[in-house]
Colleague: 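Please see the structure below; I have some questions.
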Amino acid sequence: MLCSASPLPSPPAGGTAASDHHARLRAAAARSDLPGALAAFVAMSSSAPASAAGPVLRTFTSLLKLCAARSDLATGRTVHAQLATRGLVADALAATALANMYAKCRRPGDARRVFDRMPVRDRVAWNALVAGYARNGLAGAAMEMVVRMQEQDGERPDSVTLVSVLPACADAQALGACREVHAFAVRGGFDELVNVSTAILDVYCKCGAVEVARAVFNQMPVKNSVSWNAMIKGYAENGNSTEALALFKRMVGEGVDVTDVSILAALHACGELGFLDEGMRVHELLVRIGLDSNVSVMNALITMYCKCKRTDLAAQVFDELRYKTRISWNAMILGCAQNGRSDDAVRLFSRMQLENVKPDSFTLVSVIPALADISDPLQARWIHGYSIRMHLDQDVYVLTALIDMYAKCGRVGIARNLFNSARERHVITWNAMIHGYGSHGFGKVAVELFEEMKSTGRVPNETTFLSVLSACSHAGLVDEGRKYFSSMKEDYGLEPGMEHYGTIVDLLGRAGKLDEAWSFIQKMPIDPGISVYGAMLGACKLHKNVELAEESANRIFELGPEEGVYHVLLANIYANASMWKDVARVRTAMEKKGLQKSPGWSIVQLKNEIHTFYSGSTNHQQAKDIYARLAKLIDEIKAVGYVPDTDSIHDVEDDVKAQLLNTHSEKLAIAYGLIRTAPGTTIQIKKNLRVCNDCHNATKLISLVTGRKIIMRDIQRFHHFKDGKCSCGDYW
DNA sequence: GTAGGGTTAG
C-alpha cells in the first residue's frame, strides 16, 4: 500500500494523452486555476489506468494545496477519493496534504481521521495537525498534540511546531503555555528566528502581557514588518493607543517597510485617541505608498475619521471609493449613527439596499441604534421584520440592538418578549433589558431581572451595574442601590468608574439625602468629574439647597464644562430662592464664557410622520389650531387643579410667565398629537432635555382629562402618563 | 506536505 513519491513513475508507452493532461494540470495549478486543474485532473484520471499512468503524488499535493487555499472542500474530497482508489492515502506526503486541506476547510475531524490512518507520522504531519487544530479554535487539542508528538513518537517540536501552536495559546489565553513555549524556544535557539519571536511576542500581547512582549521585541536581533506590526497592534488592543502610535512613528522613522497592517493599526490608534491631525498624516502616507487602492485600509480610514467626529471627511473617502465592500457601508453607517446623524445612517442604509449590497449583522447593529434614536414605531417594526427576513434576528448582537430599540421606542413589553424568546443571551443582552426597565421607571422589575441574571450564573459587568444602579435611582430604591454599589467591588472585583459614582450621587440626591451624597463625593477615590457634581447640582435644584449647589457649581466651573446647562441650573436655583443678583451674575459669567443653553425641542410621533416643535414656535402649518387646542386644554386642566409652576422663570410678570410656560415645546407637541390622533390613541413624545416641572405636572393632568396615555422620552428616562399619574412617581 | 501580523459590532 505504501507508495513512494520518487522516482516519478514514467508514463507508459503511448500514454501521451495522460502526460498532456498532466502538463495541463501542473500549469493550471501554477496559475492557481483550480477549475482548470480539476478539469485536467478528471480527464487524466479517466483516460489513463489508475495504477500505472496515474498522476504523480506531487500533482495531487499541489492540487490539495490549492483546495486548502480556497477552502474548496468538494474538490478536496474528489482528490481524496482519487488518492484512495490508488492506495496513496497512507503516504506521508499525501496524507499530510490531505489533513491540511481538511483543516483549512474547517473539517478538523476529517483531518484527524486521515492522520490516524497514517502508519508512520513524521514531524511535518504532526505539525499539520497542530496547525489544523489551532486554526479551527481547538486550542486545547493543538497544545495536547505538541505533548503527544514528543511522548508518542519522540518527535521534537521544531520552529514550525512552535509557530503553529502559539496562536492556540493566545486563543486559550494560556499565558503559562506561552511562557513554556518561549522557554523552549530560547533553549533550542529558535528565538533567533524572526517568525518564532514574532509569534511569541504576539501571544504575549494577546494574553495581556504587553510589557513582556516589548522585552521580547527589544531583544530580537532581526525584526521585520510583521514583528513591528504585531507589537503596534498589541499596544492598540491593550488600550495603549499612545504607545501604538509612537511605535508606528518610530517604525516609519527607522525606514521599516510600512505595510497595510501597519497602516490599519495606526489608523485604529488615531481613531481611538481622536487624533485628527495624526490621522490625516497617516492618510497622506498611505496614499503615498499606494495603499489607497486597498479597501480594508480605506475602510479603516473611514472609521478613523468617524471616531474623530469628522463624518464629513469619512463621507468624502467613502464617496470616492470605487470598490465599496459591505464593510465600507457598515463603517460609514456606524460612523453616522455614532455621531448623532441618525437620519444619514438610515438614508445610507436605504442607498445600500438600492445598490443591492446585502446587509449583515454588522449593518443591522449599526442602523438599529439610529432607528432607536429616531424612535419611529413604524420604522422600528419594519427593521425588526427585515431582520427576521434576513435570518439575522437571532444573532445576539442584532437581537440586543432590537431589544434596546424597542425599549427606546417606549415598547418595553415587546422588548421583553424578544428577550424571552432569545436563544442566546450575552451579558449585554441582559444589560439592555435591565436598562430598558430602569429607563421606564420599572426599577423593581429591573432589580428582579438583575437577580435572575445572577442566579442563572451570568456574571454582570460594569455596564450591568450602571444599568441597575440607575434603575434604583429612578425608582427611589436607595437601599438596593447602596447594596449593589458595594457588591460591585466586593463580589465581582469591578472597580466603579466615574459614571457609577455619578449614579450613586444621583440616587442619594434624588432621595433628598444631600449631605450623604456630598460626603460620598468627598470620599471618592478618584477625582470627581463634571458628571458627579452635575448630579449633585440637579439634586440641589430638586431639594432647593443653595449652599451645596454653589459648592458643586464652583467645582464644575473649575473643570470647564462645554455646555451652558450647569450655569442655567445654578441660575434657576438662585431664582427659586429669589437671589436675583446671583442670577444675573451667573448669567453674565455664562455669556462671558460663550456658553449657550441648547434650545429645547419636542417631537411627536404620528403614524408615519414626525413633527418637531420648539418653545413658542409658530411656523407649523396648523399653528393656529394647535394654540387653540392648547388654550382649551389649559382651561380643562385648570378645572382639575392645575396651577402654573412659574418657579423656573423670572424677570417677567406672572401672566407672561404663564404664557411662556404654555408654549413649551412638549405642550405644543401634545396638543398637536391630540388633534391628529383618534380618541384613545397613545401619544408619543420625545424631548431633547429633561422635562420641566410644570410640563410634567400639566401632562399628568392632560392624561386625566383626555383619557389618553402619553409616553414621554426625555434625555434621562421615560415617563408614562396615565389617569393623572406618571410612572416616575414624580421622581426624575 | 506543516508556519508569524490583518478592516466594521451592542
Side-chain angles (χ1 to χ4, degrees), chain A residues 5 57-58 60-62 64-65 68 91-101 103-104 111 118 122-132 134-135 157-167 170 193-203 205-206 224-234 237 259-265 267-268 271 294-304 306 325-335 337-338 360-369 372 395-405 426-432 435 463:
Chain A
L57 268 172
R58 224 183 304 165
F60 275 114
T61 51
S62 53
L64 284 170
K65 231 178 161 175
D91 175 84
L93 254 75
T96 305
L98 265 176
N100 179 48
M101 180 276 294
K104 290 206 174 129
M118 292 174 73
D122 61 7
R123 180 152 54 198
V124 179
W126 280 102
N127 286 350
L129 198 66
V130 169
R135 73 169 61 237
D158 63 1
S159 71
V160 179
T161 321
L162 304 187
V163 167
S164 302
V165 78
L166 279 164
L193 296 167
V194 67
N195 60 340
V196 173
S197 275
T198 300
I200 289 170
L201 83 83
D202 181 50
V203 181
C205 287
K206 287 181 175 154
N224 60 17
S225 298
V226 180
S227 334
W228 283 86
N229 292 346
M231 196 61 238
I232 293 171
K233 194 84 189 154
E237 270 164 13
T259 71
D260 50 348
V261 182
S262 340
I263 295 287
L264 289 174
L267 289 173
H268 186 85
N294 180 320
V295 206
S296 304
V297 167
M298 295 315 265
N299 293 343
L301 186 63
I302 291 171
T303 299
M304 182 278 291
C306 289
T325 62
R326 178 177 22 223
I327 295 178
S328 323
W329 288 91
N330 291 353
M332 197 61 231
I333 292 174
L334 181 71
Q338 293 188 335
D360 61 3
S361 63
F362 283 80
T363 323
L364 292 180
V365 166
S366 306
V367 78
I368 291 172
D395 177 289
V396 235
Y397 286 89
V398 174
L399 188 87
T400 304
L402 286 171
I403 289 172
D404 182 62
M405 175 190 72
H426 284 185
V427 179
I428 316 259
T429 318
W430 288 87
N431 294 356
H435 182 261
T463 316

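Computed from a predicted structure; not experimentally measured. Hydrogens, waters and symmetry mates are skipped; everything else that's a heavy atom, side chains included, is used. We name chains A, B, ... by the order of the sequence lines, and we start the count at 1 in each one.
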Colleague: Answer yes or no: is there a donor N or O on one side and an acceptor on the other, between the side chain of T363(A) and the main chain of D360(A), under 3.5 Å?
Modeller: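 Answer holds: yes.
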Colleague: Considering residues at least two apart in sequence or located in another chain, which fulfil the side-chain hydrogen bond (donor to acceptor under 3.5 Å, both in side chains) criterion with D202(A)?
Modeller: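 side-chain hydrogen bond (donor to acceptor under 3.5 Å, both in side chains) check on D202(A) returns K206(A).
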Colleague: Kindly indicate whether the side chain of T429(A), heavy atoms from C-beta on, has any atom under 4.5 Å from the side chain of I403(A).
Modeller: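 Contact flag for T429(A)/I403(A) side chains = yes.
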Colleague: Could you walk me through whether L267(A) and T303(A) pass the side chain to side chain contact (heavy atoms under 4.5 Å, CB included) test, one step at a time?
Modeller: CA-CA 8 Å; L267(A) 289 173; T303(A) 299; over 6 Å; no
Colleague: Select base, sugar-phosphate, or nothing to describe what S225(A) touches, counting heavy atoms under 4.0 Å on all strands.
Modeller: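 Touches nothing.
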Colleague: Hey, where on DNA chain B does chain A first and last touch, going 5' to 3'? Cut-off is any atom under 4.0 Å from a heavy atom.
Modeller: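 Nucleotide range with atoms under 4.0 Å of chain A: dG1(B) to dG10(B).
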Colleague: May I ask you to say what T429(A) touches in the nucleic acid, namely base, sugar-phosphate or nothing, with a heavy-atom cut-off under 4.0 Å?
Modeller: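 Base, at least one base heavy atom under 4.0 Å.
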Colleague: Check whether any side-chain N or O of N224(A) sits under 3.5 Å from a backbone N or O of S227(A) as a donor-acceptor pair, and report yes or no.
Modeller: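 Indeed, once roles are kept as given, a pair shorter than 3.5 Å links the two residues.
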Colleague: Regarding T259(A), tell me which of base, sugar-phosphate or nothing describes its non-hydrogen contacts under 4.0 Å with the strands shown.
Modeller: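 Contact class for T259(A): base.
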Colleague: How is D360(A) classified with respect to the nucleic acid when contacts are heavy atoms under 4.0 Å: base, sugar-phosphate, or nothing?
Modeller: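 No contact at all - D360(A) keeps every heavy atom at 4.0 Å or more from the nucleic acid.
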Colleague: Answer yes if the side chains of S296(A) and D260(A) hold a donor-acceptor pair under 3.5 Å, and no otherwise.
Modeller: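 D260(A) and S296(A) do not have a side-chain donor-acceptor pair below 3.5 Å.
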Colleague: Select base, sugar-phosphate, or nothing to describe what V396(A) touches, counting heavy atoms under 4.0 Å on all strands.
Modeller: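 The residue V396(A) makes base contact.
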Colleague: For L334(A), which contact category applies under a 4.0 Å heavy-atom criterion: base, sugar-phosphate, or nothing?
Modeller: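 The answer is sugar-phosphate, as L334(A) gets under 4.0 Å only of primed atoms, P, OP1 or OP2.
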Colleague: Classify A125(A) by what it touches in the nucleic acid, base, sugar-phosphate, or nothing, heavy-atom distance under 4.0 Å.
Modeller: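 Base contact.
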Colleague: With sequence neighbours excluded, tell me which residues meet side-chain contact (heavy atoms from CB on, under 4.5 Å) with I428(A).
Modeller: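 Partners of I428(A) under the side-chain contact (heavy atoms from CB on, under 4.5 Å) test: T400(A).
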Colleague: NA contact type, D122(A), heavy-atom cut-off 4.0 Å: base, sugar-phosphate, or nothing?
Modeller: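 The residue D122(A) makes base contact.
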Colleague: Taking any heavy-atom pair under 4.0 Å as a contact, classify T303(A): base, sugar-phosphate, or nothing.
Modeller: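 Since only primed, P, OP1 and OP2 atoms lie under 4.0 Å of T303(A), the category is sugar-phosphate.
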Colleague: Could you check whether V163(A) gets within reach of a base, just the sugar-phosphate, or nothing at all, counting any heavy atom under 4.0 Å?
Modeller: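 If one applies the 4.0 Å heavy-atom cut-off, V163(A) turns out to touch the sugar-phosphate alone, with no base involved.
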Colleague: For V194(A), answer base if it contacts any base atom (sugar-phosphate contacts may also be present), sugar-phosphate if it contacts only those atoms, and nothing otherwise; contact means non-hydrogen atoms under 4.0 Å.
Modeller: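 Touches a base.
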Colleague: Any base atoms under 4.0 Å from N100(A), or only sugar-phosphate, or nothing? Heavy atoms, all strands.
Modeller: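 Sugar-phosphate, no base atom in range.
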Colleague: Using a 4.0 Å heavy-atom cut-off across all strands, classify D260(A) as base, sugar-phosphate, or nothing.
Modeller: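 Since a base atom lies under 4.0 Å of D260(A), the category is base.
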